[in-house]
Participant: 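Mind having a look at this structure? Questions to follow.
Values reported hereafter were calculated over all heavy atoms of this structure, with side chains retained and with hydrogens, waters and symmetry mates removed. Please read all numbers here as calculations on a predicted model, not as lab measurements.
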Amino acid sequence: MSLARNILKSFLAKSQPEGVGATVRRCISARNTIDPFLMCDLFEVSPPAGFPDHPHRGFETVTYMLEGTTAHEDFEGNKGLIGPGDVQWMTAGRGIIHSEMPVTKSKGIQLWVNLSSKDKKIAPSYQDLKSSQIPIATPDSGVEVKVIAGTSHGITSKIFTRTPTMLMDFKLSKGKSVVQDIPIDFQGFIFVLEGSGYFGGNSFKGNENHALYFENNGGDHINVEAKDEDVRFMLIAGKPLGEPIESYGPFVMNTKEEIAQTRHDFMNYTNGFEKARGWQSTIGYGVSNIDFTNFETKAKK
Ligand code: FJE
Ligand code: FE
């Protein structure tokens, strides 16, 4: 006998201002946490708004474009475009400073995946997938799964997840259902992008723009039924790290000492921030620098 995951709680992810002139629907935050995830936003942004020059340390940022094209540029000189359906899996590791600016009206998901203490100081790296490189599972007619990370119905993405993670974009036609395997030790959630469906062993109704958190009941799958209408949703789950979290804006470490060291490194261009000296992106230019000092990934005590 296999056990189904239930939905434990749900909430409407309300639209809120973020970055410079952008809006986000935040489904993982200081108030709603799921280890190993630090943040998850459905972002909507049009030029000249965006996310100009800002740093990251200690985790990964995953950007999945639903609509439009976003330009990216970092302090090592990496520069490129993330188009509709493309994924950028960025391991910030010991440090990145970058700019994320829309070229056209853009909509997408940005997920922050925490790194374990042994990975927090690794060199930054990227795994980029064009839309055409994302494999699609079709377990049934009217059921489509874009597998960005992990495995669905025998289809596996080539993304390497240092922190074990699954990330999938599901589309079900009205009347269809699907069952997705989930490792019993993963925690996760669903974010409903369009339409509505019934989720989990308790057939929990999930509406558009709602986040649905899984119960950690040791279940090995989640079932979904598109009873009333077509539904599109993201399924995001991962293996909890179970480590202490200390953060300051977009720096996420394990201890207060490491955060103090990170702020020192950022201000003094050391231990990974060497290339920040005098650097300014070309794409974020003309927009004032993003203020990350009030940004919380972990609830204040
Ligand atoms: C930010 C630190 C940040 N949500 N969704 C502080 F890193 C950010 C930030 C983003 C972001 C970027 C994209 Cl492309 C999509 C996002 C937060 O870059 F907004 C603040 N205030
Ligand atoms: Fe960023």
Side-chain angles (χ1 to χ4, degrees), residues 1-16 24-42 62 64 66 107-113 137-153 164-240 299:
M1 271 294 285
S2 65
L3 182 67
R5 295 290 185 117
N6 294 320
I7 299 302
L8 201 58
K9 73 163 180 176
S10 96
F11 60 91
L12 171 68
K14 290 201 194 88
S15 208
Q16 61 183 72
V24 301
R25 293 181 184 274
R26 185 156 290 164
C27 33
I28 296 283
S29 67
R31 286 197 293 145
N32 295 295
T33 56
I34 298 183
D35 188 8
F37 306 112
L38 301 165
M39 189 203 80
C40 182
D41 282 353
L42 172 69
V62 181
Y64 175 48
L66 298 169
K107 187 174 171 178
I109 297 284
Q110 186 164 98
L111 176 71
W112 291 6
V113 185
T138 48
D140 188 4
S141 68
V143 178
E144 186 189 279
V145 190
K146 287 192 181 167
V147 187
I148 299 160
T151 299
S152 180
H153 299 87
T165 304
M166 52 197 285
L167 176 58
M168 296 162 190
D169 175 0
F170 282 76
K171 274 183 190 163
L172 271 67
S173 299
K174 180 181 174 174
K176 295 290 175 176
S177 56
V178 71
V179 177
Q180 173 62 47
D181 289 344
I182 299 175
I184 55 170
D185 56 345
F186 276 30
Q187 307 189 138
F189 65 103
I190 272 164
F191 186 67
V192 182
L193 295 173
E194 290 163 25
S196 64
Y198 293 79
F199 298 86
N202 53 345
S203 291
F204 194 100
K205 175 91 185 276
N207 293 315
E208 200 161 280
N209 295 321
H210 280 68
L212 315 177
Y213 285 19
F214 300 164
E215 183 181 3
N216 294 319
N217 57 355
D220 63 2
H221 68 276
I222 183 122
N223 54 296
V224 180
E225 191 184 353
K227 210 182 287 180
D228 306 330
E229 58 179 326
D230 294 358
V231 65
R232 182 178 186 187
F233 61 91
M234 302 299 301
L235 186 155
I236 301 171
K239 187 174 169 167

Participant: Side chains of Asn32 and Lys9 only: does a donor on one sit below 3.5 Å from an acceptor on the other?
Facilitator: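 Per modelled atom types, Asn32 and Lys9 side chains form a pair under 3.5 Å.
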
Participant: Are the side chains of Met168 and Lys146 in contact, using a 4.5 Å heavy-atom criterion?
Facilitator: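 Side chain of Lys146 against side chain of Met168, heavy atoms only: no contact under 4.5 Å found.
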
Participant: Taking the cut-offs as 6.0 angstrom to the six-membered ring centre and 45 degrees off its axis, would you call Lys227 and Tyr198 a cation-pi pair?
Facilitator: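 Checked: cation-pi criterion met.
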
Participant: Could you measure the distance from the NE2 atom of His210 to the NZ atom of Lys205? Nearest 0.5 Å is fine.
Facilitator: 10.0 Å

Participant: Quick one: closest heavy-atom pair of Ala226 and Ser173, and the distance?
Facilitator: CB-O, 3.5 Å

Participant: Using side-chain heavy atoms (C-beta onward) and a distance below 4.5 Å, is Arg5 in contact with Asn216?
Facilitator: yes

Participant: For Thr151, does its backbone N or O pair with a side-chain atom of Gln180 as donor and acceptor, under 3.5 Å?
Facilitator: yes

Participant: Do Tyr213 and Ile7 touch side chain to side chain, with heavy atoms closer than 4.5 Å?
Facilitator: no

Participant: Would you say the side-chain atoms of Asp220 pair up with the backbone N or O of Ser2, donor to acceptor, closer than 3.5 Å?
Facilitator: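 Looks like no, no N/O pair under 3.5 Å.
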
Participant: Rounded at 0.5 Å granularity, tell me how far CD in Glu215 sits from CG in Leu8.
Facilitator: 5.5 Å

Participant: CD1 of Ile236 to OH of Tyr64: how many Å apart, nearest 0.5 Å?
Facilitator: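 One gets 11.0 Å once the value is rounded to the nearest 0.5 Å.
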
Participant: Tell me, with the steps shown, if Thr138 and Val143 meet side-chain contact (heavy atoms from CB on, under 4.5 Å).
Facilitator: CA-CA 6 Å; Thr138 48; Val143 178; over 6 Å; no

Participant: Atom CG in Asn223, atom OG in Ser203: separation rounded to 0.5 Å?
Facilitator: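 That separation rounds to 6.5 Å.
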
Participant: Below 6.0 angstrom between ring centroids: does that apply to Phe214 and Phe186?
Facilitator: no

Participant: Whether the Glu208 and Ser196 side chains hold a donor-acceptor pair (N or O, under 3.5 Å, no angle test) is what I'd like checked.
Facilitator: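 On atom types as modelled, these side chains do not qualify, holding no pair under 3.5 Å.
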
Participant: What distance separates Phe11 CZ from Arg31 CZ, expressed to the nearest 0.5 Å?
Facilitator: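 The distance works out to 8.5 Å.
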
Participant: Closest heavy-atom contact between Gln110 and Met39?
Facilitator: O-CE, 3.7 Å

Participant: Is Ile184 atom CD1 crowded by more than 12 heavy atoms from other residues, nucleotides or ligands, each under 6.0 Å away?
Facilitator: no

Participant: If you compare all heavy atoms of Ala4 against all heavy atoms of Gly201, which two are closest, and at what distance to 0.1 Å?
Facilitator: CB-CA, 3.9 Å

Participant: How close do Ala211 and Cys27 get, counting heavy atoms only, and between which atoms?
Facilitator: CB-CB, 3.6 Å

Participant: Between Phe191 and Cys40, is there a side-chain heavy-atom distance shorter than 4.5 Å?
Facilitator: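 No; the side chains remain at least 4.5 Å from each other.
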
Participant: Are the side chains of Ile28 and Leu38 in contact, using a 4.5 Å heavy-atom criterion?
Facilitator: no

Participant: Quick one: are the ring centres of Phe199 and Phe233 less than 6.0 Å apart?
Facilitator: yes

Participant: Assess the residue pair Asn217 and Asn6 against the criterion (side-chain contact (heavy atoms from CB on, under 4.5 Å)); give the C-alpha distance rounded to whole Å, side-chain angles, the decisive distance to 0.1 Å, and a yes or no.
Facilitator: CA-CA 8 Å; Asn217 57 355; Asn6 294 320; 3.9 Å; yes

Participant: For residues Val192 and Asn207, determine if any side-chain heavy atom of one lies less than 4.5 Å from a side-chain heavy atom of the other.
Facilitator: no

Participant: State which residue, out of Val145, Val231, Ile190, Leu193, fulfils the side-chain contact (heavy atoms from CB on, under 4.5 Å) condition with Phe170.
Facilitator: Val145

Participant: For His221 and Val179, which heavy atoms make the closest approach, and how far apart are they?
Facilitator: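 Here His221 and Val179 meet closest at CD2-CG1, 3.7 Å.
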
Participant: Between the main-chain N or O of Lys14 and the side-chain N or O of Arg25, is there a donor-acceptor pair closer than 3.5 Å?
Facilitator: no

Participant: Quick one: do Arg232 and Asp169 make a salt bridge, cutoff under 4.0 Å?
Facilitator: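 Answer for the salt bridge query: yes.
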
Participant: So Asp230 and Lys176, salt bridge (charged side-chain N to carboxylate O under 4.0 Å, His left out) or not? Walk me through it.
Facilitator: CA-CA 9 Å; Asp230 294 358; Lys176 295 290 175 176; over 6 Å; no

Participant: Donor-acceptor pair, distance only, cut-off 3.5 Å: does the side chain of Asp140 make one with the backbone of Val178?
Facilitator: no

Participant: Report yes if some heavy atom in the side chain of Asp41 is under 4.5 Å from a heavy atom in the side chain of Leu111; otherwise report no.
Facilitator: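 Counting from C-beta outward, Asp41 and Leu111 never come under 4.5 Å.
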
Participant: Could you tell me which non-hydrogen atom of Ile34 sits nearest to which non-hydrogen atom of Gly188, and how far apart they are?
Facilitator: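 Heavy-atom minimum between the residues: CD1-O, 3.6 Å.
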
Participant: How about Gln187 and Asp35: do any of their side-chain heavy atoms sit closer than 4.5 Å?
Facilitator: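 They are in side-chain contact.
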
